[in-house]
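Following: one structure in structure tokens, then a few remarks.
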Amino acid sequence: MTRFCALASLALAVWSPLPATAQDGYPTKPIRLVVPVPPGGAADGMARMVAEHLQAKWGQPVVVDNKPGAGSSVGMSLVAKAPADGYTLGLGNIAANAINPALQPAQFPYQPVRDFAAISVVGVTPLVLVVNAEKVPARSVAELVTFLKANPNLAYGSSGVGSSLHLAMELFLQKTGTKMLHVPYKGSAPMTTDLLSGQVVAAIDAAATSMPHVQSGKLRALAVTASERAFFAPDLPLMRDLVPGFEMRPWHGMMAPAGTPAAILTKVSQEVNAFLRTPAARAKLQDRGIIPAGNTPAEFQAFMGSEFETYRKVIQDAGIKAD
């Protein structure tokens, strides 16, 4: 992830345009942008902002088509099987293109890297390591590690087996040599309820969910999984600086069916990155708890492959099985 963020910062610089002949003629008709989650959430809002920018730039409709289901695999399966002509794009994510295929490889309807042509990461969602302020005395990651080694039967919560929150905590335990019991919930809301009551004592959670409880004093935040100090909590240390080898942030990225012409991928990527450079876009995304990203198709394609391998190993080492 550190390498990815460095590449992303370079990609947000001004690019030299491709020769005009490589980009002529696209797009000449409406573009379908498949979003594999329901309307109304942060990812949907992100997609609609990008679609609005592309439509204004090119003068062609960019229609957001929400296709939720099966951990985002329903929508991304449609993208993988669409014609590779640039007129069907998708907003892939860490679940659909890394975690879920690694969790159940024999049952997945597509190959998470091979069946897609990367365009650009759009945004990443920082996670926060939080503990119940009454149950856990630790005020730093180092103190938490010491506390967990002395109390190996404590429980942590997640939003479900195989979720990004589950794998983030398992990666933390693996990297720190600590043990905890995993209690999966059906979503972050019930997990947060039990975290506040002390039924579970720790979690790695989305900042938008946990930070209000940190501010109230019921939870204590120990670190953030961002690659730079978080805009919502600039005093929180970075997990990667405290736990060597820890990199985990849910991401969303634009992609197309494999085989889409490189000139089209680059043209879309340039416009997505141009959008992400604008102060208005950055402000709107941050309001939704999202850190704007951006990179090239080649960088994103390599990142997708490394992400799949990372979570495949975490799943294997932790012995995680799909429900």
Side-chain angles (χ1 to χ4, degrees), residues 1 41-42 94 123-243 246-251 285-291 314 318:
M1 182 67 75
I94 191 174
V124 294
T125 305
L127 303 177
V128 181
L129 173 61
V130 291
V131 297
N132 181 289
E134 292 185 1
K135 301 287 186 179
V136 179
R139 294 185 173 274
S140 68
V141 170
E143 290 181 2
L144 178 61
V145 170
T146 300
F147 179 72
L148 293 179
K149 288 183 176 179
N151 300 273
N153 294 319
L154 296 174
Y156 77 89
S158 81
S159 55
V161 173
S163 66
S164 59
L165 306 185
H166 178 199
L167 294 194
M169 199 65 186
E170 284 296 331
L171 183 60
F172 172 79
L173 298 175
Q174 290 175 13
K175 295 297 183 182
T176 58
T178 53
K179 296 183 182 296
M180 295 188 77
L181 302 175
H182 175 222
V183 180
Y185 293 83
K186 293 182 178 180
S188 289
M191 183 273 288
T192 302
T193 297
D194 275 7
L195 179 60
L196 292 170
S197 69
Q199 299 300 310
V200 295
V201 301
I204 292 181
D205 195 14
T209 304
S210 59
M211 287 308 295
H213 302 294
V214 172
Q215 292 162 359
S216 74
K218 294 180 179 179
L219 300 180
R220 185 180 301 120
L222 302 183
V224 63
T225 67
S227 61
E228 58 189 32
R229 293 289 176 132
F231 60 88
F232 55 84
D235 294 333
L236 271 183
L238 304 180
M239 184 80 86
R240 68 184 181 123
D241 292 340
L242 306 172
V243 181
F246 185 101
E247 294 288 353
M248 164 51 127
R249 291 190 303 165
W251 52 266
L285 289 171
Q286 287 183 355
D287 283 345
R288 291 166 170 79
I290 298 165
I291 297 176
V314 173

**Complete:** In this structure, OG of Ser197 is separated from NZ of Lys218 (nearest 0.5 Å) by 10.5 Å
**Complete:** Residues passing the ring pair (Phe, Tyr, Trp, His ring centres under 6.0 Å) test with Tyr156, sequence neighbours excluded, are His182
**Prompt:** So, for Ala223 and Leu236, which heavy atoms are closest and what is the spacing to 0.1 Å?
**Reply:** N-CD2, 4.0 Å
**Message:** Using side-chain heavy atoms (C-beta onward) and a distance below 4.5 Å, is Thr125 in contact with Ile291?
**Reply:** no
**Prompt:** Considering only heavy atoms from C-beta outward, does the side chain of Met180 approach that of Val200 to under 4.5 Å?
**Reply:** no
Would you tabulate the side-chain donor-acceptor contacts of residues 202-212 under 3.5 Å, counting partners in other chains and residues two or more places apart, or write 'none'?
from, atom 1, to, atom 2, distance (Å)
Ser210, OG, Ala206, O, 3.1

**Request:** Heavy atoms only: give me the nearest Ala155-Gln199 pair and the separation to one decimal.
**Result:** CB-O, 4.4 Å
Solution key, residues 127-141 side-chain donor-acceptor pairs under 3.5 Å, sequence neighbours excluded:
from, atom 1, to, atom 2, distance (Å)
Asn132, OD1, Glu134, N, 2.9
Asn132, OD1, Lys135, N, 2.9
Asn132, ND2, Leu195, O, 2.8
Asn132, ND2, Leu196, O, 3.3
Ser140, OG, Glu143, N, 3.1

**Message:** Nearest 0.5 angstrom please: Met239 CE to Arg249 CZ, how far?
**Reply:** 13.0 Å
**Message:** For a quick test of reading the model, state the closest non-hydrogen atom pair linking Ile290 to Gly123 and the distance between them.
**Reply:** CG2-CA, 3.7 Å
**Request:** Rounded to the nearest 0.5 Å, what's the gap from NZ on Lys179 to CD on Gln174? Could you check?
**Result:** 10.0 Å
**Gap between atom NE2 of His166 and atom OG of Ser159 - 0.5 Å precision** = 10.0 Å
**Request:** Of all the heavy-atom pairs spanning Lys149 and Gly177, show the shortest one and how long it is.
**Result:** CE-O, 3.9 Å
**Asked** So Phe246 and Leu238, side-chain contact (heavy atoms from CB on, under 4.5 Å) or not? Walk me through it.
**Response** CA-CA 10 Å; Phe246 185 101; Leu238 304 180; over 6 Å; no
**Message:** Looking at every non-hydrogen atom in both residues, tell me the closest pair between Ser163 and Gly160 and how far apart they are.
**Reply:** OG-O, 2.8 Å
**Asked** What pairs of residues pass the ring pair (Phe, Tyr, Trp, His ring centres under 6.0 Å) test when at least one of them lies in residues 184-238, not counting sequence neighbours?
**Response** none
**Message:** Testing Val145, Thr146, Leu144 one by one against Leu148 for a side-chain contact (heavy atoms from CB on, under 4.5 Å), which residue passes?
**Reply:** Leu144
**Message:** Suppose we screen for side-chain hydrogen bond (donor to acceptor under 3.5 Å, both in side chains). Which residues come up paired with Thr192, at least two apart in sequence or across chains?
**Reply:** none
**Request:** Using side-chain hydrogen bond (donor to acceptor under 3.5 Å, both in side chains) as the criterion, list what pairs up with Thr176, not counting sequence neighbours.
**Result:** Thr178
